[in-house]
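Because only heavy atoms are used, hydrogens play no part in the values below, and waters and symmetry mates are left out as well, while side chains stay in. Numbers restart at 1 for each chain; the letters A, B, ... are given by sequence-line order, proteins then strands.
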Number of protein chains: 2
Amino acid sequence: MKDKVMSIGIVCDLTGLTERQIRYYEEKQLVFPVRTKGGARKFSFEDVERLKEINEKLRDGFHTFDLKKSGRLCCK
Amino acid sequence: MKDKVMSIGIVCDLTGLTERQIRYYEEKQLVFPVRTKGGARKFSFEDVERLKEINEKLRDGFHTFDLKKSGRLCCK
DNA sequence: CGTGTAAGGAATTCTGACACG
DNA sequence: CGTGTAAGGAATTCTGACACG
């Protein structure tokens, strides 16, 4: 599940987010996809889950820096 | 593990096979990737395992039609 | 701040074919 | 039979920027 194998397109399908949102979350250091030689991002299923959580938190009123500080997004 | 999320490039990395081999195995009905709107193949981790088994069998002297007839590649 | 979009380029994947054998 | 390759096109992804606010 930690294998970084998905390109951004399928991640969009799986999360319902836009490429723009995903790239922004990466820019803010909330997710860490790996890169192919060509520069394309590769995500894992874990990243997909995390991205969904990030978006939820943002919709709940949190900010990207809040999420970064906390490290984990979920309290369990 | 059955989620068809990987494009052919990563499958090549994961299996060590070439795109040509993977497409040929699909042509011979040994694997069944899904397609994106744009026509790109998407594979699952299960497909990756199957592809490795297919290639092993072929190296052992089997033919694609032998593999197709047997259905399963592994006897367990 | 978080996200949308148009812009141009680079990398990825696709198909059908010729080749060897 | 199974696989390599060059060919041209179409789809995908990338970055930096302007926009709103």
Side-chain angles (χ1 to χ4, degrees), chain A residues 3-45 47-71 73-74, chain B residues 3-45 47-71 73-74:
Chain A
D3 300 42
K4 309 271 189 179
V5 297
M6 295 178 267
S7 41
I8 201 164
I10 335 103
V11 177
C12 288
D13 292 347
L14 264 42
T15 60
L17 304 179
T18 63
E19 296 186 6
R20 182 67 164 102
Q21 290 174 301
I22 296 172
R23 293 193 186 115
Y24 183 69
Y25 300 164
E26 178 195 21
E27 189 185 333
K28 292 306 175 186
Q29 307 272 296
L30 299 178
V31 277
F32 306 91
V34 296
R35 298 287 186 135
T36 63
K37 314 84 196 173
R41 271 165 271 251
K42 291 297 174 187
F43 300 85
S44 66
F45 280 103
D47 291 331
V48 168
E49 292 311 307
R50 183 168 176 87
L51 284 165
K52 286 194 277 194
E53 280 185 30
I54 293 169
N55 187 249
E56 267 178 50
K57 294 296 181 185
L58 287 179
R59 280 187 277 109
D60 287 348
F62 290 88
H63 289 273
T64 54
F65 43 84
D66 297 324
L67 301 179
K68 193 178 174 184
K69 271 185 294 181
S70 62
L73 295 177
C74 193
Chain B
D3 300 41
K4 309 271 190 180
V5 298
M6 294 178 267
S7 40
I8 200 164
I10 334 103
V11 177
C12 288
D13 292 347
L14 265 42
T15 61
L17 304 179
T18 63
E19 297 186 6
R20 184 69 164 96
Q21 289 174 302
I22 296 172
R23 293 193 186 114
Y24 183 69
Y25 300 162
E26 179 195 20
E27 189 185 333
K28 292 306 175 186
Q29 308 272 296
L30 298 177
V31 276
F32 306 92
V34 296
R35 297 289 187 136
T36 63
K37 314 84 195 171
R41 272 165 272 252
K42 291 296 174 187
F43 300 85
S44 66
F45 279 103
D47 291 331
V48 168
E49 291 312 306
R50 185 169 174 87
L51 284 164
K52 285 194 279 194
E53 280 184 28
I54 292 169
N55 186 249
E56 268 177 50
K57 295 295 182 185
L58 287 178
R59 279 187 279 110
D60 287 348
F62 289 88
H63 290 272
T64 54
F65 44 85
D66 297 323
L67 301 179
K68 191 178 177 185
K69 272 186 293 181
S70 62
L73 294 179
C74 192

Once you round it to whole Å, what is the distance between [atom2] of [N] and [atom1] of [X]?
| X | N | atom1 | atom2 | value |
| --- | --- | --- | --- | --- |
| K42(B) | dT12(C) | NZ | P | 13 Å |
| E26(B) | dG2(D) | CD | P | 16 Å |
| L17(A) | dG2(C) | CG | P | 14 Å |
| L67(A) | dG2(C) | CG | P | 8 Å |
| E27(A) | dT3(C) | CD | C1' | 11 Å |
| K37(B) | dT12(D) | NZ | P | 7 Å |
| I8(B) | dT15(C) | CD1 | P | 9 Å |
| Y25(B) | dG2(D) | OH | P | 8 Å |

Using only side-chain N and O atoms of [X], determine if any of them is under 4.0 Å from OP1 or OP2 of [N].
| X | N | result |
| --- | --- | --- |
| R20(A) | dT13(D) | no |
| S7(B) | dT12(D) | no |
| T36(B) | dA11(D) | no |
| N55(B) | dT3(D) | yes |
| Y24(A) | dG2(C) | yes |

For the CD atom of E26(A) and the CD1 atom of I54(A), what is their distance to the nearest 0.5 Å?
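The distance works out to 10.5 Å.
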Can you name the closest pair of heavy atoms from T64(A) and L30(A) and give their distance?
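Heavy atoms of T64(A) and L30(A) come nearest at O-CD2, 3.8 Å.
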Which heavy-atom pair separates C12(B) from T18(B) by the least distance, and what is that distance?
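Result for this residue pair: SG-C, 3.8 Å.
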In terms of side-chain heavy atoms of E19(A), which of dG4(D), dT13(D), dG4(C) is nearest?
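Output: dT13(D).
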Per R23(B) side chain, nearest of listed nucleotides dG2(C), dT3(D), dT15(C):
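That would be dT15(C).
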Within the supplied structure, the quantity of interest is the number of heavy atoms (other residues, nucleotides, ligands) at a distance under 6.0 Å from F62(A) CZ; does it exceed 12?
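Atom CZ in F62(A) is not crowded, with 12 or fewer foreign heavy atoms closer than 6.0 Å.
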Assign R41(A) to base, sugar-phosphate, or nothing according to its heavy-atom contacts below 4.0 angstrom with the strands shown.
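Sugar-phosphate contact only - R41(A) comes under 4.0 Å of backbone atoms but never of a base.
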For a quick check of understanding: with a heavy-atom distance under 4.0 Å over all strands, which category does R35(A) fall into, base, sugar-phosphate or nothing?
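Sugar-phosphate only.
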Nearest-nucleotide 5' precedence on DNA chain D, F62(B) against I10(A):
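Its nearest nucleotide being more 5', the pick is F62(B).
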Pick the closest DNA chain D nucleotide for F43(A) and for T18(B) by heavy atoms, then say which residue is nearer the 5' end.
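The residue closer to the strand's 5' end, by nearest nucleotide, is T18(B).
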Result of checking K42(B), K4(B), K52(B) against D47(B) for salt bridge (Lys or Arg N to Asp or Glu O under 4.0 Å)
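Exactly one option meets the salt bridge (Lys or Arg N to Asp or Glu O under 4.0 Å) with D47(B), and it is K4(B).
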Pair assignment for dT3(D), Watson-Crick or G-U wobble, requiring both distances under 3.5 Å
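Its partner is dA19(C) (Watson-Crick or G-U wobble, both distances under 3.5 Å).
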Partner nucleotide, any strand, of dG8(C) [Watson-Crick/G-U, under 3.5 Å]:
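Across all strands, the one nucleotide that pairs with dG8(C) is dC14(D).
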Report yes or no: does D66(B) contribute a side-chain atom to a donor-acceptor pair with the main-chain N or O of H63(B) at less than 3.5 Å?
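Yes, D66(B) side chain to H63(B) backbone: donor-acceptor pair under 3.5 Å.
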